[in-house]
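Only one structure is covered here, and it is reproduced in the block below.
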Number of protein chains: 2
Amino acid sequence: MKLTEPEWLIMNLLWEKHPANARGIFERLPRRVSWAYTTVKTTLDRLVEKQAVQKKKDGNIGYYEPVLTRKQARSTAIKMLLNHAFDGAFGPMMHFLAEDENLSANQRKELIQILSEKNKSKGEKNGRTNK
Amino acid sequence: MKLTEPEWLIMNLLWEKHPANARGIFERLPRRVSWAYTTVKTTLDRLVEKQAVQKKKDGNIGYYEPVLTRKQARSTAIKMLLNHAFDGAFGPMMHFLAEDENLSANQRKELIQILSEKNKSKGEKNGRTNK
DNA sequence: TGACAACTGCTACATATGTAGTAGAATTCT
DNA sequence: AGAATTCTACTACATATGTAGCAGTTGTCA
């Protein structure tokens with residue numbers, strides 16, 4: 001499920017705290033975002049349409065609940081980036097990222113940690129060369 | 001500079017081999033993409049408009065040359081992903097990627113390699129904890 | 001119990017995207 | 001040279017996105 005910019009904004013707020021109503025989300029908009037209340041509504045409606053969010057009613061007030069998980073959304077976003085910007089090749093993308101100058105030495109160490117552990121625990125059960 | 005899907009497609013072909021004319025690009029479209037010749041043209045025109053590509057004339061035939069580099073494009077794409085999907089935090093994104101179940105043991109090893117070398121070579125000159 | 005405020009469903013509208021068609025100029029083939 | 005082909009510039013048009021307004025309904029508080 002592909003999300004647009006405003007949709008990510010709303011979803012991020014929803015994932016942080018939910019269920020939530022339009023007003024609540026509206027109030028938690030980052031300072032830099034100065035939308036009309038109705039813009040939040042429209043975005044929420046569209047998210048419901050594409051079933052990323054579920055809407056429930058309590059009285060006549062609608063409450064929203066994420067259906068799409070943050071993990072799923074992130075995964076999809078990365079896959080898309082991977083596909084168009086790196087021809088689907090994971091290796092080169094990681095390369096690119098690993099070489100990013102914004103990655104500090106400490107972050108690299110941390111990453112190495114994660115990766116090594118991952119390899120120890122999941123072991124050899126995963127041998128494919130996902131291209 | 002944000003690129004759309006068709007734009008990535010064209011840019012990828014252009015980066016691979018350039019200068020190139022519309023016809024040449026048209027012919028190198030991946031098999032799965034069955035566009036009309038004019039669709040390629042329109043996309044190229046739009047890329048010229050947004051100055052990602054430069055157009056030159058040789059007689060009345062136009063040749064296209066990328067202006068935006070692949071690296072710049074990738075960087076921008078990653079920054080955008082980073083910003084909306086990971087709240088701008090590099091660490092968590094790398095975390096997410098490192099934990100991707102589609103990452104094979106070998107890819108992990110490869111990554112560890114890259115990261116270790118990077119740390120050795122660039123050494124401690126980079127100590128910030130970005131974010 | 002009326003005046004207001006807040007909600008809700010719908011509509012609006014400009015720009016962006018995805019995809020292609022057309023007409024006329026230039027080139028090429030026979 | 002006339003026909004067929006290829007280019008180019010321009011236009012078209014449906015759907016998506018970004019952003020918001022409006023009218024009617026409901027809740028709330030003096």
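All chains are named by letter (A, B, ...) in the order of the sequence lines, taking the proteins before the strands, and each is independently numbered beginning at 1.
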N or O in side chain of A/Lys41 less than 4.0 angstrom from C/dG9 OP1/OP2: yes
Toward the 5' end of DNA chain C, by each residue's nearest nucleotide, B/Arg46 or A/Thr42: A/Thr42
Interatomic distance where CG belongs to B/Asp45 and P belongs to C/dT19 [whole Å]: 16 Å
Interface residues of residues 23-39 of chain B with DNA chain D (non-hydrogen, below 4.0 angstrom): B/Arg23, B/Tyr37
Electrostatic pair A/Lys2:A/Glu7 at N-O distance under 4.0 angstrom: no
Distance, rounded to the nearest Å, where B/Leu47 contributes CG and C/dA16 contributes C1': 14 Å
Backbone N/O of A/Leu29 and side chain of A/Trp35: donor-acceptor pair under 3.5 Å: no
Exam field: side chain A/Glu27 to backbone A/Gly24, donor-acceptor pair closer than 3.5 Å: no
Nearest-nucleotide comparison on DNA chain D, the residue closer to the 5′ end among B/Gly62 and A/Ile61: B/Gly62
Protein-nucleotide distance (A/Met80, atom CE; C/dT17, atom P), rounded to Å: 13 Å
A/Lys57 side-chain N/O to C/dG9 phosphate OP1/OP2 under 4.0 Å: yes
side-chain hydrogen bond (donor to acceptor under 3.5 Å, both in side chains) against A/Glu65, all qualifying residues, sequence neighbours excluded: A/His18
Any residue of residues 2-22 of chain A with a heavy atom less than 4.0 Å from an atom of DNA chain D: A/Thr4, A/Glu5, A/Pro6
Atom pair distance, as rounded to whole Å: CD in B/Glu49 and C1' in D/dA9: 13 Å
Geometric class of the B/Tyr37/B/Phe26 ring pair [parallel <30°, tilted 30-60°, perpendicular >60°]: perpendicular
N/O donor-acceptor pair under 3.5 Å between B/Ser116 side chain and B/Ile112 backbone: yes
N/O (side chain, B/Lys50) to phosphate O (OP1/OP2, C/dT15) under 4.0 Å: no
